[in-house]
Asks: 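Below: one structure in structure tokens.
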Amino acid sequence: MREALRRRLVELRDQGMQISAVNPVAALADLISEQLAEGRIDRADIAGLLAETEQDIWADRHQQLRHRTGLDGLGRDFARRF
């Protein structure tokens, strides 16, 4: 489910870049609402999706900050101190 929703979000983002009236987040929210109403997903699925997405975002931000500060090339022992 998570990958399908992510793929759909990427598609909607691409459409939003071509058609300014397309709001990818709102469109994805509509899709999720439809799936909830049809019983294809439930609150646990949404909670899991949000938790996984949150972890992915934090990991990505962490890596970006390490790269920008130069810590990613210093080795694990040194970087652990920070």
Asks: Measuring only between side-chain heavy atoms, which start at C-beta, is W58 closer than 4.5 Å to E54?
Replies: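 In contact.
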Asks: Could you tabulate the donor-acceptor pairs under 3.5 Å formed by side-chain atoms of residues 38-45, not counting sequence neighbours?
Replies:
unit_1, atom_1, unit_2, atom_2, d
E38, OE1, R40, NE, 2.9
E38, OE1, R40, NH2, 3.1
D42, OD1, A44, N, 3.1
D42, OD1, D45, N, 3.0
D45, OD2, D42, N, 2.9

Asks: Just to verify, what does R68 make a side chain to side chain contact (heavy atoms under 4.5 Å, CB included) with, not counting sequence neighbours?
Replies: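 R68 satisfies side chain to side chain contact (heavy atoms under 4.5 Å, CB included) with Q64 once adjacent residues are dropped.
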Asks: Look at the side-chain heavy atoms of Ile, Leu, Val, Met, Phe, Trp and Tyr, link any pair under 4.5 Å apart, and say whether V25 and L36 land in one connected group.
Replies: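 No; tracing contacts between hydrophobic side chains, which count when under 4.5 Å, never links both residues.
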Asks: Which is it for D60 and D56 under the side chain to side chain contact (heavy atoms under 4.5 Å, CB included) test, yes or no, and what are the steps along the way?
Replies: CA-CA 6 Å; D60 184 55; D56 291 346; over 6 Å; no
